[in-house]
Amino acid sequence: MKKHNFSAGPSILPRTVIESTAEAVLDLNGIGLSVMEISHRGKDFQSVMDEAVSLFKELLGVPGDYEVLFMGGGASMQFCMVPYNMLQKKAAYLETGAWAKKAIKEAKYFGQVDIIGSSADKNFSYIPESYEIPADADYFHITTNNTIFGTEILEDIDSPVPLVADMSSDIFSRPVDVSKYGIIYGGAQKNLGPAGVAFVVIRKDILGRVERAIPSMLDYRIHIENGSMFNTPPCLPVYTVRETLKWIRDLGGVKRLQEINHGKAGMLYEVIDNSRIFAGTAEKKSRSVMNVCFVMKEEYKGLEADFLSFAQSLGMVGIKGHRSVGGFRASIYNALPVESVQALIDVIQEFEKAHM
Ligand SMILES: *Cc1c(COP(=O)(O)O)cnc(C)c1O
């Protein structure tokens, strides 16, 4: 049976990307060696890294005074690397979910952290709007897509201080005005590649403002100086990221992906909004285009387990909601085809009919 992969992360990748990675694992460019067994400093891998960086810059529209880095440690290492490099006295954070809370916890090791807006009062079901960014903060940190709670900051914010964004789960889902950000970072394993590599887009002039000594591996400047090769980079994940970026390019770029993504999310939200037994959990104007969270209405709560096994029996994978929200979550990342969204809609509607 065909599987429809709604996993939250690691998550679906384009089939062609998986196939070309599999080929490179066996034999990179016909050189008779695997991408896993060659020097990262040799020309065969260097060109993979160079192309990954240049495609990333081209497709996201990264200005010339920014650098794109690939490194290990995931988005979670960036939770500490950002304040290590940037927090001298105080930083402002928007608390919009579990990942934002983790970022806040790490920043507190380095200095004062002001939570200037939070949606904790309503289980992170919305994006706070009335907050003021302090002009004396070293930076302002946001999580653009809250993977667990299904909310998203859909427009680029204007900030008087360097804006730092965790874009783990919506990178390359829409065009971004990179010039409004100081740092954009994330783990690759939602929209870009396999787990094991993180991306960092950074405006170079915001570095070097803190007084503390920074260990080499945690210092952005060291990674910039060494072109993401200060230590051995995650070669295989970087290879796959390059393949995904080529896939995005061949599809027509980020603007095209945004249209497709809006189409997919619109279809699914419409069905949930018009359902008798299901309801979305996020406020409409804050709803994520990437992670669609929904539950059963109070009077039908007892049917949640039935729906889950019904959906699983028809090939739906990864739709169980995170325990902090309950119900269901359909992650409909870039690589998820519209056919899979339609398949889920059919399952929802069939289940509804059976429970009239
Ligand atoms: C998945 C996720 C993370 C965690 O990424 P790791 O690479 O596992 O550290 C952080 N932030 C957001 C928004 C995520 O979706």
Side-chain angles (χ1 to χ4, degrees), residues 5-13 69-84 93-107 109 117-120 123-128 140-154 156-157 163-174 176 181 183-201 217-218 223 228 233-234 236-238 240-241 244 261 265 281-282 286-293 318 320-325 329-336:
N5 186 0
F6 295 94
S7 301
S11 40
I12 187 165
L13 289 169
L69 302 172
F70 292 111
M71 63 183 82
S76 299
M77 197 173 81
Q78 299 307 312
F79 294 165
C80 101
M81 244 175 120
V82 164
Y84 221 136
Y93 276 70
L94 203 58
E95 188 188 47
T96 52
W99 295 115
K101 280 169 73 173
K102 289 190 177 179
I104 289 164
K105 176 170 183 254
E106 299 308 306
Y109 287 107
S118 173
S119 47
N123 199 29
F124 302 114
S125 57
Y126 68 102
I127 301 290
F140 174 42
H141 182 283
I142 59 174
T143 312
T144 49
N145 186 64
N146 298 283
T147 323
I148 292 174
F149 297 91
T151 63
E152 188 172 6
I153 298 171
L154 293 158
D156 303 312
I157 291 172
L163 182 61
V164 178
D166 175 358
M167 289 197 190
S168 293
S169 53
D170 61 352
I171 189 75
F172 287 106
S173 68
R174 65 170 178 92
V176 168
Y181 297 83
I183 299 178
I184 295 171
Y185 69 84
Q189 68 271 22
K190 276 91 182 205
N191 249 348
L192 213 49
V197 64
F199 58 88
V200 182
V201 182
M217 263 301 277
L218 296 169
H223 288 275
S228 294
L236 184 58
V238 170
T240 309
V241 167
T244 306
N261 289 333
T281 58
S286 301
R287 284 195 308 207
S288 169
V289 177
M290 295 280 100
N291 309 94
V292 177
C293 294
K320 194 176 189 329
H322 190 273
R323 62 188 180 282
S324 48
V325 181
R329 169 176 52 176
S331 297
I332 54 174
Y333 296 121
N334 282 348
L336 185 92

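Both counts, for ligands and for their atoms, begin at 1 and track the order of listing. Fair warning: this is a prediction, and the values are worked out from it, not measured in the lab.
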#### Entry: Atom indices of ligand 1, in the order listed, that fall short of 4.0 Å to a heavy atom of N145
13 (C)

### Query
So which bit of N146 gets within less than 4.0 Å of ligand 1, heavy atoms only: side chain, backbone, both or neither?
neither

## Note on the structure
Among A188, G72, A75, A100, closest by heavy atom to atom 5 (O) of ligand 1 is A75

### Summary
The atoms of ligand 1 lying under 4.0 Å from a heavy atom of S169, numbered in the order shown, are 15 (O)

### Query
If you measure from each non-hydrogen atom of K102 to ligand 1, which part falls under 4.0 Å: side chain, backbone, both or neither?
neither

### Atoms in ligand 1 with a heavy atom of K190 nearer than 4.0 Å
1 (C), 2 (C), 3 (C), 14 (C), 15 (O)

### Query
Could you go step by step and tell me if N146 and W99 meet the side-chain contact (heavy atoms from CB on, under 4.5 Å) rule?
CA-CA 7 Å; N146 298 283; W99 295 115; 5.8 Å; no

#### Entry: Residue, atom name and distance, where the atom is the protein heavy atom closest to atom 9 (O) of ligand 1
S76 OG, 2.6 Å

### Task
Give a yes/no verdict on whether any heavy atom in Q189 is under 4.0 Å from an atom of ligand 1.
yes

### Task
Take M71 and M217 through the side-chain contact (heavy atoms from CB on, under 4.5 Å) test and state the conclusion after the steps.
CA-CA 10 Å; M71 63 183 82; M217 263 301 277; over 6 Å; no

### Message
Please determine whether side chain to side chain donor-acceptor pair (under 3.5 Å) holds for the pair S173 and N261, giving the CA-CA distance in whole Å, both sets of side-chain angles, and the decisive distance to 0.1 Å.
### Response
CA-CA 7 Å; S173 68; N261 289 333; 4.8 Å; no

### Task
For atom 15 (O) of ligand 1, grab the closest protein heavy atom and report residue, atom and distance to one decimal in Å.
T147 OG1, 2.5 Å

#### Entry: Stepwise side-chain contact (heavy atoms from CB on, under 4.5 Å) check, T144 with I142
CA-CA 6 Å; T144 49; I142 59 174; 3.9 Å; yes

#### Entry: Contact check: T143 vs ligand 1, nitrogen or oxygen atoms, below 3.5 angstrom
no

### Task
Tell me which part of F79 gets within contact of ligand 1: side chain, backbone, both or neither, using heavy atoms under 4.0 Å.
side chain

### Nearest heavy atoms of F149 and A282, plus distance in Å
O-CB, 4.2 Å

### Query
Pick from D166, I104, L163: which one makes a side-chain contact (heavy atoms from CB on, under 4.5 Å) with H141?
D166

### Query
Side chains of N5 and S7: do they bring a donor and an acceptor to under 3.5 Å?
yes

### Query
Just going by heavy-atom distances, which of N191, V197, D166 is nearest to atom 13 (C) of ligand 1?
D166

### Task
For S286 and T151, indicate whether the former's side chain and the latter's backbone hold a donor-acceptor pair under 3.5 Å.
no

